[in-house]
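For the numbers below, each heavy atom of this structure counts, side chains included, while hydrogens, waters and symmetry mates do not.
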Amino acid sequence: MQLAVWGANIAGGFLRTHAPQERRGSFAYNVELARLAEQHGFHAMLFPVRFLGQIGGSEQDGEEGQLDPLTTVAALSMVTERIHFISAVLPGFIHPVTLAKIGSTIDRISGGRWHVNLVSGWFQEEQEMYGIPWMEHGERYERSKEYLQVLQGLWQEPDFSFAGRYYRIKRGHLRPLPVQKPYPAIFQGGNSLEAREMAGRFSDWYFMNGAPLEELQEQIWHVSQVAAGWGRKVKFAVNAFVIARETEAEAWEEYHQLVENANLQAIQLFKSRVGEAKGMWSKSVTLSDFVANNEGFRTGLIGSYQQVAERIGVLHRNGIDMLLTAFRWPLQEIPLFREKVWSLLDVEAFIHSNETS
């Protein structure tokens, strides 16, 4: 299992709560975070895309705003050596040919450490405020399918042509090509039927919001079935907000503190904005489901170090290939997570492999 962490290019933190948390989103902070994650064996960082508002906190939190995920990772690749970077991209804002050129350049700069996370886009207000025509849910995914075909074609073929509804390419060719072959891995989220169909056919990784094991298993099965029909395989990543402490009681006490201090205004604003997100957040019913970014509490990585390690082991054995983590205080918690949790996971994985061999 690979270990990833959210990049902090959007200021305000990853919790919708009035309780203290790390809220910085500056480039200097991201340099510190990337170097620390790399030092402690994290495989990747995912940088979200946002043109309006924050994730955690309120609209007034995080005056640093939102750094672009593409230029941010290009710069971070120059101050790191091993860690991979995943940039979220909204199709409506960047033409696929432009992204193919930018992505190939970043992949060259980083020595093959860049990937794209295609976000079909649920935030209507954000797009309309910049004059981008709004599409209904199904149409957004039809556009995304074409978008990925253009990316994959330009990154692989010497002369690529494509005639679709949204994009038309006549003998397009791209030089230089990316370092990674056949192309930089494509990540994609979204829990709807359309998202699963697209992932099974075109994407390399399927990101899932935080969820209990049975919900994750159903999504893994469905996407895998679609992929098999196209002669493909897809890997799976799940989001999780981690509260790992010395004792279970300590972890749950902190969790309750975060939920009891929930920023109700920020949560209500978020709920009003995600009405067009079909599938994602559809099973979020409690207040706590909205406190952590992308339903991070629902994955259940709350407890003692041993309990969290055991839970991660269960996720891995049930088809999860990457754990995308978020922390209240990343600079303090990442070293502890590596020492206190990840080391136990290595032992558990070894024991399990012996039991099943």
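A continuous path of Ile, Leu, Val, Met, Phe, Trp and Tyr side chains, each step under 4.5 Å between heavy atoms, connects I186 with M208, placing both in one hydrophobic cluster. Criterion: ILVMFWY side-chain heavy atoms under 4.5 Å apart, direct or through other members. Under it, M78 and I102 are not part of a common hydrophobic cluster. Cluster membership for V119 and Y166, using ILVMFWY side-chain heavy atoms within less than 4.5 angstrom, is shared. Residues W221 and I320 are members of separate hydrophobic clusters, defined by side-chain heavy-atom contacts under 4.5 angstrom among Ile, Leu, Val, Met, Phe, Trp and Tyr.
For the pair W205/Q188, no side-chain contact is recorded, criterion being any heavy-atom separation below 4.5 Å from C-beta on. Using a 4.5 Å heavy-atom threshold, the side chains of Q257 and W252 count as separate.
The backbone N or O of R171 sits less than 3.5 Å from a side-chain atom of S161, completing a donor-acceptor pair. Of the possible donor and acceptor atoms, none in the side chain of D289 sits under 3.5 Å from a partner among the backbone N and O of R298. A donor-acceptor distance shorter than 3.5 angstrom exists from the side chain of T325 to the backbone of A4, with no hydrogens or angles considered. The backbone N or O of F236 lies less than 3.5 Å from a partner atom in the side chain of D321, making a donor-acceptor pair.
Ring-plane geometry between F337 and W342 is classed as tilted, the angle between the planes lying from 30 to 60 degrees on a 0 to 90 degree scale. Between F297 and Y255, the two ring planes are perpendicular [angle over 60°; tilted spans 30° to 60°].
In this structure, E38 does not pair ionically with R35, as no charged nitrogen and carboxylate oxygen lie closer than 4.0 Å.
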Could you check K145 against E142 for salt bridge (charged side-chain N to carboxylate O under 4.0 Å, His left out), going step by step and ending with a plain yes or no?
CA-CA 5 Å; K145 290 177 184 178; E142 289 302 314; 3.3 Å; yes

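With W6 as the fixed residue, the ring pair (Phe, Tyr, Trp, His ring centres under 6.0 Å) test singles out one of F85, F14, F207, F241: F14. Only one option out of R338, K340, R245, R328 pairs with E333 in a side chain to side chain donor-acceptor pair (under 3.5 Å); it is R245.
Counted by atom type alone, Q306 and E310 present one or more donor-acceptor pairs between their side chains at under 3.5 Å. A donor and an acceptor atom, one from each side chain of W155 and S104, are nowhere located under 3.5 Å apart. When only modelled atom types and interatomic distance are considered, N209 and N294 share a side-chain donor-acceptor pair under 3.5 Å.
F162 has its ring centre no less than 6.0 Å from the ring centre of Y167.
In terms of heavy-atom proximity, H222 sits nearest to L193 at CE1-CD1, 3.5 Å. Closest approach of L323 and A240 over heavy atoms only: CD1-CB, 3.9 Å.
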